[in-house]
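Everything numeric in this text was worked out from a predicted model, so none of it was measured. Proteins come first, then strands; the chains are lettered A, B, ... in the order of their sequence lines, and each starts at number 1.
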Amino acid sequence: MSTTLLPPEFSDLEPFAATWCLETERERFAQRGVSTMDDMQPFYDAAIARLDEARAYLDTRDVHELNEQDTNLMHLLFSLIQVSFSVELWRQARIPDTGAAAIDLWLEAPL
Amino acid sequence: MARYAKPAEGSWTEHYPDLGTGPIPTEDSISPEFFELEREAIFKKAWLNVGRVEEVPRTGAFFTKELVVANTSVIIVRGSDGEIRAFHNICRHRGNKLAWTDYPGEEIRGNCRKFTCKYHMWSYELDGSLSNVPQESEFFDLDKDAYGLIPVHCDVWAGFIFINLAEEPEQSLTDFLGPMVLELSEYPFGEMTERYAYRAEVGANWKLFMDAFQEFYHAPYLHGGQTPSKFTHMIQEYGFEAPFYKIEGPHRVVSTGGVRGEEQPIDMIKPIEAKLRSGLFGPWEHSTAEDVSVPGVNPGNADPWGLDSYNLWPNFVILIWAGGWYLTYHYWPTSVNTHVFEANIYFVPAKNATERLAHELACVSFKEYGLQDANTLEATQKMLESKVITEYVLNDQEVLVRHLHKEARDHVRAYRSELEGATS
């Protein structure tokens with residue numbers, strides 16, 4: 001029985017999986033909000049380096065019939081998209097000039 | 001120096017002489033009295049979009065819509081004859097709210113065979129007729145035919161469900177929409193069923209948030225941090241200009257130029273955008289929707305084209321992106337200085353992981369920008385309420401802001417005249 005969250009091809013990303021394989025945007029946005037740049041930068045660096053391969057790997061699957069590990073990998077890439085804004089633009093978790101605002105994504109396309 | 005030709009009058013604003021070019025009053029965004037009149041003059045008279053046909057796909061599928069601005073809640077349901085109907089969400093017995101779970105103020109959706117009131121089990125068929133009353137013989141000559149659900153006018157255009165709360169609408173939905181909006185009738189909205197739905201409570205008058213999305217003058221500045229500094233400097237130097245504006249009746253359109261993602265220098269875009277070939281403007285690869293070049297789309301013939309934002313009176317926006325996907329916005333007032341903002345993003349369903357990731361990046365980008373807009377609007381509202389200024393100046397790229405507020409003032413003025421006529 002597999003004990004890893006991610007497909008074996010992406011075992012190098014396994015250290016980040018427990019934190020960032022999150023099913024909903026609500027959870028991913030919240031996780032970004034409570035993370036520091038020291039948390040996010042290593043995840044970003046590791047994940048964006050494997051992004052092309054991960055995408056190519058997932059493209060060999062039916063995106064609507066992903067198994068559990070592949071689904072986790074997809075969710076990890078969704079988290080990469082979240083943290084990319086903090087890493088590539090803001091240099092902080094919080095989006096500047098958004099203190100009082102909240103926008104809730106209550107329905108997202110299921111995988 | 002203008003990059004795009006303007007109308008012969010010299011500006012978009014002067015092309016519509018009724019708009020004037022002077023400062024406009026702030027009163028309609030901060031006056032509680034004005035807001036009370038807007039409820040009647042605008043929201044109880046106009047056709048209001050409440051959703052799409054895909055939300056009620058089969059017999060018995062329904063959802064409720066809280067219309068705080070009109071002090072009511074409405075049920076939208078598909079009947080066994082396939083018709084979509086709307087009813088006030090109230091039991092005809094003692095006025096309990098009919099469809100709700102746990103929290104009376106929350107919207108719900110689901111499937112049912114009939115609507116049954118929690119209070120005394122009165123039940124109604126999907127067509128609104130009252131079918132069962134427990135202990136019916138205890139009532140006094142109860143005529144069940146006279147106690148069906150109270151209908152709300154409901155009609156569908158291009159898959160969008162509209163309701164009208166007036167006893168008798170002043171116009172049919174088609175007449176209300178008018179030729180400019182009806183041009184979009186053939187757009188393949190129905191193919192774009194991969195949906196992302198957002199909701200936000202915003203501390204600003206509903207029109208102020210509409211303003212933020214019907215002018216793009218602010219984009220290079222408020223959102224300057226959203227792009228690599230080289231790109232930001234470039235757009236701040238050039239400023240924003242739209243190639244096309246059009247106003248027809250109470251509705252208005254702005255169409256913008258765009259960018260071809262693959263032609264952008266690598267230092268003008270973010271690394272994640274280069275990898276996923278997507279961003280705020282959506283996936284670089286155009287969607288596979290059947291035919292998106294219908295009349296009404298890219299009315300200014302921009303090349304490259306960015307988006308068309310159709311602002312439908314009073315509070316509904318359809319925003320069509322060049323890449324073959326669209327958004328809707330709704331602004332539902334809850335008080336003079338608060339409203340519920342809803343956004344929906346619709347894509348042709350992803351066929352593979354690459355497409356799904358491109359969609360995800362577009363959605364996350366949308367929210368990053370939207371949060372900055374929503375927050376800024378609270379700041380605007382608070383200071384307008386200080387009444388330190390009582391009017392503001394608008395430039396030609398803000399012509400649609402001018403039009404929205406004029407429409408609101410005109411509707412309220414006409415309603416006031418109606419009231420005075422009725423009492424004199």
Side-chain angles (χ1 to χ4, degrees), chain A residues 24-26 28-29 32-33 44-45 47-66 70-71 73-111, chain B residues 55 107 109 193-204 222-229 269-273 275-276 278 341-347 349-379 382:
Chain A
T24 66
E25 188 268 356
R26 278 178 179 158
R28 297 188 289 271
F29 189 81
R32 171 186 168 190
Y44 173 86
D45 290 341
I48 202 156
R50 299 298 310 277
L51 176 55
D52 291 342
E53 291 150 297
R55 199 175 51 156
Y57 165 89
L58 288 167
D59 273 344
T60 64
R61 270 66 177 160
D62 178 345
V63 72
H64 303 293
E65 299 285 340
L66 297 177
D70 295 346
T71 300
L73 180 60
M74 197 70 164
H75 288 148
L76 190 83
L77 298 183
F78 289 171
S79 286
L80 168 64
I81 291 171
Q82 274 293 338
V83 305
S84 75
F85 285 79
S86 293
V87 172
E88 295 179 357
L89 291 174
W90 310 128
R91 312 303 304 163
Q92 61 185 42
R94 188 87 199 168
I95 307 162
D97 301 323
T98 63
I103 298 178
D104 181 41
L105 178 54
W106 63 270
L107 175 75
E108 50 190 313
L111 277 181
Chain B
E55 294 174 64
E107 294 175 351
R109 51 191 61 232
T193 54
E194 185 183 304
R195 177 182 175 210
Y196 301 77
Y198 301 81
R199 185 181 188 279
E201 292 174 17
V202 180
L222 177 61
H223 306 304
Q226 297 272 7
T227 40
S229 58
I269 56 175
K270 297 183 294 165
I272 195 81
E273 293 176 324
K275 288 269 184 201
L276 294 180
S278 180
F341 169 67
E342 294 172 347
N344 286 276
I345 300 180
Y346 297 92
F347 297 103
K351 287 181 286 301
N352 52 46
T354 289
E355 290 185 1
R356 184 65 176 78
L357 288 161
H359 295 174
E360 188 75 14
L361 179 55
C363 288
V364 176
S365 302
F366 160 77
K367 180 164 163 175
E368 300 276 308
Y369 280 74
L371 282 166
Q372 290 187 319
D373 289 312
N375 201 48
T376 299
L377 270 290
E378 296 206 20
K382 281 190 170 43

To the nearest 0.5 Å, what is the distance between [atom1] on [X] and [atom2] on [Y]?
X        : Y        : atom1 : atom2 : value
A:Leu107 : B:Tyr198 : CG    : OH    : 10.5 Å
B:Leu357 : A:Met74  : CG    : CE    : 4.0 Å
B:Leu361 : A:Phe78  : CG    : CZ    : 11.0 Å
A:Ile81  : B:Glu273 : CD1   : CD    : 11.0 Å
B:Glu201 : A:Asp104 : CD    : CG    : 9.5 Å
A:Thr98  : B:Tyr369 : OG1   : OH    : 14.0 Å

Max heavy-atom pair count under 4.5 Å with chain A, selected residue of [options]:
options                                : answer
B:Ala200, B:Pro228, B:Ala353, B:Pro349 : B:Ala353
B:Ala197, B:Ser365, B:Ala379           : B:Ala197
B:Gly370, B:Pro271, B:Gly225, B:Ala374 : B:Pro271

Toward chain B, the part of [X] with a non-hydrogen atom under 4.5 Å:
X       : result
A:Leu51 : side chain
A:Ile95 : side chain
A:Tyr57 : neither
A:Leu66 : neither
A:Arg26 : neither

task = Report yes if the side chains of A:Trp90 and B:Glu368 come closer than 4.5 Å at any heavy-atom pair, otherwise no.
result = yes
message = I'd like to check B:Glu355 versus A:Val63 (side-chain heavy atoms, cut-off strictly below 4.5 Å). Are they in contact?
response = no
inquiry  = Tell me if the NZ atom of B:Lys382 is crowded by more than 12 foreign heavy atoms within 6.0 Å.
reply    = no
If only atom types and distance count, is the side chain of [X] paired as donor or acceptor with the main-chain N or O of [Y] below 3.5 Å?
X        : Y        : result
B:Arg356 : A:His64  : no
A:Glu88  : B:Ile272 : yes
B:Asn375 : A:Asp97  : yes
B:Gln372 : A:Pro96  : yes
A:Asp59  : B:Thr354 : yes

task = Go through the steps to decide whether A:Leu105 and B:Phe366 satisfy the test side-chain contact (heavy atoms from CB on, under 4.5 Å), and finish with yes or no.
result = CA-CA 11 Å; A:Leu105 178 54; B:Phe366 160 77; over 6 Å; no
task = For the pair B:Glu360 and A:Arg28, find out whether any cationic side-chain nitrogen is under 4.0 Å from an anionic carboxylate oxygen.
result = yes
Pairing of A:Glu25 and B:Lys367 as salt bridge, 4.0 angstrom limit = yes
query = With only heavy atoms counted, which part of B:Leu276 is less than 4.5 Å from chain A, the side chain, the backbone, both or neither?
reply = both
